[in-house]
Structure formats: C-alpha cells, structure tokens
Amino acid sequence: MTSETLIHKDGLYVMQTYSRHPVAVKSGTGATLTDFEGRQYIDFTSGIGVNSVGYSNPKWVSAVAGQAKTLAHISNLFYTEPGTLLAEKLCALSHMNKVFFANSGAESNEGMIKLARKYSYDRYGSGRFTIITLRQSFHGRTITTLSATGQDKFHNYFFPFTDGFRYAPPNDIDAVEALDDGSVCAVMIELVQGEGGVHPLDPDYVKGLESLCRERDWLLLADEVQTGIGRTGKFFAYEHYGILPDAVSFAKGIAGGLPLGGFLVNEKLSSVLGPGTHATTYGANPVCCAAGLAVLDILVNDGVMDTVEEKGRYIRSMIESFRLPVINGTRGLGLMIGISCYGVEPSAAAAALISNGLLVLTAGSDAIRLLPPLTITYEEIDKGLEIFNGTISRL
Ligand code: PLP
C-alpha cells in the first residue's frame with residue numbers, strides 16, 4: 001500500500017465527512033509517526049488528545065493484548081474485572097463517588113445531561129430541565145450535544161434539535177443569573193474551552209458559578225472530555241480551580257487510543273440513574289478498561305502527569321521566544337496549548353507545518369492547537385519546535 005492508493009481508495013468508499021490532510025499514517029512510537037513511504041512526523045496532536053501515553057507504549061500494548069487474549073467483551077449483564085478496577089481508581093483520583101462508562105465524549109455528555117434532568121425531575125417534578133452552557137463551547141455531535149454546544153454554526157440542517165439549552169457568554173456570572181427563568185437544572189462548562197479556541201475560564205468566574213449552582217440547587221457539570229485525565233497537569237482541570245463539580249465527563253485520553261468515556265458523579269447523584277434509565281452495550285468494555293488501567297498506571301504511578309505542566313510551559317516559552325511576526329502569543333493549561341495567529345489563517349499554518357513533518361490542530365477562529373502525547377520527550381518536543389520555527393518564520 002502507498003499513501004496515494006490508500007487516499008484514493010478512501011475517497012471511493014468512505015463518506016467524505018472530514019477535511020483531511022494528505023498524510024496516511026502507518027505506525028508510531030512515542031510521539032513520532034511514520035507514513036507509508038517511511039517519512040516521519042512529530043505528533044503534537046495525539047489523535048486529538050487521545051493517545052495520552054504515545055504510540056506503542058509497551059505497558060499499554062501488553063495490557064491491551066493481554067486482555068484481548070483473555071476476554072474482549074461480555075456486556076454489562078455480567079461483571080468483569082477491568083471495569084470495576086478502573087472505576088475504583090477513577091473515583092479515588094477524582095474524589096467522586098461513582099462512574100458510568102460510555103464510549104465517546106458526546107455519549108458521556110449525553111449521559112450527564114440525562115443525569116441532570118432526572119435529578120431535577122425526581123426532586124422537583126417536570127418543567128425544570130434547562131441546561132445553561134457557554135458560548136464558544138463544544139460538547140459533541142449527537143443531536144442533543146450539538147444543541148448543548150454554544151456555537152450557532154452547529155445548529156443547522158438537523159432540525160429539530162433537542163430543546164432545553166440556553167447559552168451564556170463565558171466569564172459573565174450576571175449573564176448566567178439572567179437566564180434563570182425557573183426552568184434551569186444545571187450549568188455545563190469546559191474549564192478550558194478546547195474546540196472553541198483553547199480559552200481557560202477565569203478562576204473567579206468558575207468559583208462564582210460553583211456558588212450560584214449550590215445556592216439554586218443547579219448541578220455543576222464539567223465536560224472534561226478534552227481537559228481531563230492529566231491533559232492539563234492535574235487529573236481533572238477543575239483541580240486547578242479549587243472546585244468540585246457535581247458530575248464530570250471524560251473520554252479521549254482515558255484509554256490511550258481505544259474508545260472509552262464516561263462520567264463520574266458525587267455522592268448526591270450516585271443513585272439517580274438506576275436500572276433501565278441508562279445503558280450502552282459496549283460500556284466498560286474489558287479491553288478498553290484494561291487500556292485505561294495501563295494509562296492511569298503510566299500517568300500516575302510512573303509520574304508522567306507530574307511532567308505535564310513543565311512541558312507545557314517549555315513549549316509555550318520557546319514559541320514565544322521565536323518572536324514570529326504572525327504569532328500573537330500562547331494560552332492554555334498544561335499540554336493543551338493555543339497559539340494565537342495574526343495575519344495568517346490557522347488552517348494554512350497547520351497545513352504548512354504538517355507538510356514539513358509536524359502534526360498540529362487548529363481551534364476557534366485564530367488558533368493553532370497543540371495536544372501532544374503527555375509522554376512526549378524533550379527531544380521530540382525540540383524536533384517539533386524546530387519545524388515550527390522554520391515553517392512559521394517563512395509564512
Ligand atoms: N466535549 C469536548 C470538550 C470535546 O472536546 C469533544 C471532542 O472534541 C467532545 C465533547 C466530543 O467527543 P467525541 O468526539 O469523543 O464524541
């Protein structure tokens with residue numbers, strides 16, 4: 001197979017719903033990928049925040065292969081070991097009480113939305129169902145999570161969308177209060193808006209939201225699909241803010257490359273969803289959960305999570321030190337980095353970087369976004385930064 005034949009065949013048989021770069025990836029080790037012609041790329045994307053422990057990580061490979069040989073799937077009608085052990089670890093690391101396992105970020109958020117509405121229904125009866133989300137947020141691609149997403153460009157074509165979402169501008173507590181019409185049951189936030197442009201929320205605002213939610217018995221829901229599982233240097237980004245949400249969703253980095261997600265809840269919510277109210281066939285899949293256990297072992301026991309903030313600071317300070325005329329500055333938390341572009345389209349800058357051997361993402365209207373594997377080495381970072389400087393200085 002060559003990259004060219006693969007790309008051609010894909011065009012014939014796969015629905016073309018993604019605008020992809022002309023790169024066909026064959027394999028990877030650490031944060032370095034190889035295409036079908038043997039060309040190497042430094043990966044500052046980790047498959048959009050998924051490959052948290054890099055490619056072909058020996059501990060991860062051995063956990064996945066071992067579990068695949070033992071038991072790949074049996075459904076939630078029976079008990080399996082990896083899911084239960086992973087649940088125990090996730091509860092301990094998050095200071096939450098119980099978990100529900102799903103398979104993707106959107107599904108995890110759907111579950112959290114159902115949780116909030118059921119909590120309110122059980123306690124207050126019907127009519128209290130509105131969930132406030134933020135402008136520039138992103139919560140997923142199902143009909144309901146598109147509705148939850150506070151960007152008008154996502155509210156097209158697929159009418160009717162799920163009712164019961166209202167949007168407030170970020171960092172404006174009065175705007176949230178102004179949306180209280182008696183029908184609100186929850187507020188859902190990303191602590192760092194990812195797809196919206198890598199914008200961390202203001203700490204005072206987040207504290208204010210927590211108090212407002214407690215005062216009105218609204219649930220505070222944290223969508224940590226992108227920010228969670230060590231991405232920002234803490235297990236969950238809410239730890240940077242000194243708050244504890246009522247529920248938190250996760251996905252992406254948890255299983256290091258396999259589809260797994262879910263949401264964790266505090267004690268008050270631990271029995272809101274009972275038998276028959278929520279389910280998914282693949283939830284707590286043993287292979288995915290074994291991968292999740294390996295990821296947590298690498299991030300927590302091997303100390304990788306403790307390196308994340310320093311690596312993030314290093315990348316940002318190096319990029320700022322290049323003094324590139326088309327770069328306005330950097331923002332973010334840990335290894336979730338936004339690079340603000342000026343006078344150049346982020347998509348054009350990303351295409352140039354990728355063709356020169358550095359994979360990057362874009363976010364919002366102005367940013368190149370970096371989400372490297374958390375295990376990336378300083379040698380790989382330096383190689384990536386050299387490509388970044390060389391490419392962007394020539395734009
Ligand atoms: N929530 C956030 C904050 C995300 O960044 C994403 C994906 O980028 C999602 C939800 C949706 O996750 P998925 O694509 O796994 O459904």
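Counting convention: from 1, in listed order, for ligands and their atoms alike.
Closest to atom 12 (O) of ligand 1, if we only count protein heavy atoms, is Gly105 CA, 3.3 Å. For atom 1 (N) of ligand 1, the closest non-hydrogen atom on the protein side is Asp223 OD2, 2.8 Å. Closest to atom 5 (O) of ligand 1 among all protein heavy atoms lies Gln226 NE2, 2.8 Å.
Atoms of ligand 1 found under 4.0 Å from any heavy atom of Val225, numbered from 1 in the order shown, are 1 (N), 2 (C), 4 (C), 6 (C), 9 (C), 10 (C), 12 (O). Under a 4.0 Å criterion applied to the non-hydrogen atoms of Ser104, ligand 1 contributes the atoms 15 (O), 16 (O). Atoms of ligand 1 lying under 4.0 Å from at least one heavy atom of Glu190, given by number and element, are 3 (C).
Not a single protein heavy atom sits closer than 4.0 Å to atom 14 (O) of ligand 1.
In the candidate list Lys252, Glu107, His139, His139 is nearest to atom 10 (C) of ligand 1, counting heavy atoms.
A pairwise comparison of heavy atoms in Ile229 and Leu299 identifies O-CD1, 3.4 Å as the closest pair. Between His73 and Thr281, the shortest heavy-atom contact is CE1-O, 3.3 Å.
Contacts of Asn109 with ligand 1, taken as heavy-atom pairs under 4.0 Å, involve the side chain alone.
Counting Ile, Leu, Val, Met, Phe, Trp and Tyr side chains that sit under 4.5 Å apart, directly or through other members, Leu221 shares a hydrophobic cluster with Phe100, Met112, Ile113, Leu115, Tyr119, Ile131, Phe165, Tyr167, Met188, Leu219, Phe263, Val265, Leu269, Val272, Leu273.
No hydrogens or angles considered: nothing links the side chains of Ser317 and Glu320 as a donor-acceptor pair under 3.5 Å. In this model, a donor atom of one side chain and an acceptor atom of the other lie less than 3.5 Å apart for Thr145 and Thr142.
Contact check on Lys268 versus Asp217 returns a salt bridge, with a Lys/Arg side-chain nitrogen under 4.0 Å from an Asp/Glu carboxylate oxygen.
One N or O on the side chain of Thr45 and one on the backbone of Gly47 form a donor-acceptor pair closer than 3.5 Å.
Considering backbone and side-chain atoms alike, Ala106 places an N or O below 3.5 Å from some N or O of ligand 1.
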